[in-house]
Amino acid sequence: QVQLQESGPGLVKPSGTLSLTCIVSGDSINSNNWWSWFRQPPGKGLEWIGEIYHSGNTNYNPSLKSRVTISVDKSKKQFSVKLSSVTAADTAVYYCAHRPVATPSHFDYWGQGTLVTVSS
Amino acid sequence: QSVLTQPPSVSAAPGQKATISCSGSTSNIGNNFVSWYQHLPGTAPKLLIHANNKRPSGIPDRFSGSKSGTSATLDITGVQTGDEADYYCGTWDDRLAGWVLGGGTKLTVL
């Protein structure tokens, strides 16, 4: 059973960089899986941000690609997301998720989410 | 504007059937498998259906999925009050080279 837990600052200033970490337990971060990030702005739907494989390969949402970096720290069994130049529109609950590489794929384990507010 | 189109809301009386549609295109649903997720805001989304119509262990057979062409459908039979939640469809999009989701459908149990 994979368990994921997001952590990071709950408040970020406009134009700053949002940084969150997802701690992985119950599975090796080196296993055959993609490690993903999603978000849900208040009153809106879920949005896929991007994902990373343990090799470092990444896929990003084209609408966020210029501002997003996802990285993995194998020694700490965690992966992270950084979103730069944030505005109020980036206020959201951020979720991390696990996706098996095997096709057909899907997101089978999710974190509980963490609220990040962008405000001065 | 989501790449996949879902109705914003559906409603059903307890014991009745609810149907949620998800419409896409040849670059996403038409060429890839669809999964469905149940979400109560502020909690972890839950995988309901994967590979168009497969249920993970522990998901009741009241939940079923299907796909035809560039559309997919989630059916919930014998709707219960505990099924009130937001439901999302998702799939890979070959043109965008990324995952796309529907805008979500809120199920209200009357």
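By convention in this document, chain letters (A, B, ...) are assigned in the order of the sequence lines, proteins followed by strands, and residues within each chain are numbered from 1.
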Heavy-atom side-chain proximity of B:Y37 to A:L46 below 4.5 angstrom | no
Segment of B:P56 engaging chain A (4.5 angstrom heavy-atom cut-off) = neither
Do other residues, nucleotides or ligands put more than 12 heavy atoms under 6.0 Å from A:K76 NZ?
-> no
Parallel, tilted or perpendicular: which describes the rings of A:W48 and B:W92, with under 30° parallel and over 60° perpendicular?
-> perpendicular
Check whether B:F33 and B:W99 end up in the same hydrophobic cluster, where Ile, Leu, Val, Met, Phe, Trp and Tyr are linked by side-chain heavy atoms less than 4.5 Å apart.
-> no
Side chains of A:Q40 and B:H39: closer than 4.5 Å at any heavy-atom pair?
-> yes
Please determine, among B:V34, B:L96, B:L101, the option with the most heavy-atom pairs under 4.5 Å with chain A.
-> B:L101
Are B:L48 and B:V10 grouped together when hydrophobic residues (ILVMFWY) are joined by side-chain heavy atoms under 4.5 angstrom apart?
-> yes
Rounding to 0.5 Å, atoms CG (B:D93) and CG (A:N61) come to a distance of 10.5 Å
Same apolar cluster (I L V M F W Y, side chains within < 4.5 Å links), A:F38/A:I52 = no
Part of A:E51 within contact of chain B (heavy atom distance under 4.5 Å) | side chain
Contacts under 3.5 angstrom, residues 107-120 of chain A side chains, donor-acceptor by atom type, not counting sequence neighbours:
residue: A:D108; atom: OD1; partner: A:H98; partner atom: ND1; Å: 2.6
residue: A:W110; atom: NE1; partner: A:F107; partner atom: O; Å: 3.2

Do B:I49 and B:I59 sit in the same hydrophobic cluster, where Ile, Leu, Val, Met, Phe, Trp and Tyr count as joined when their side-chain heavy atoms come under 4.5 Å apart?
-> yes
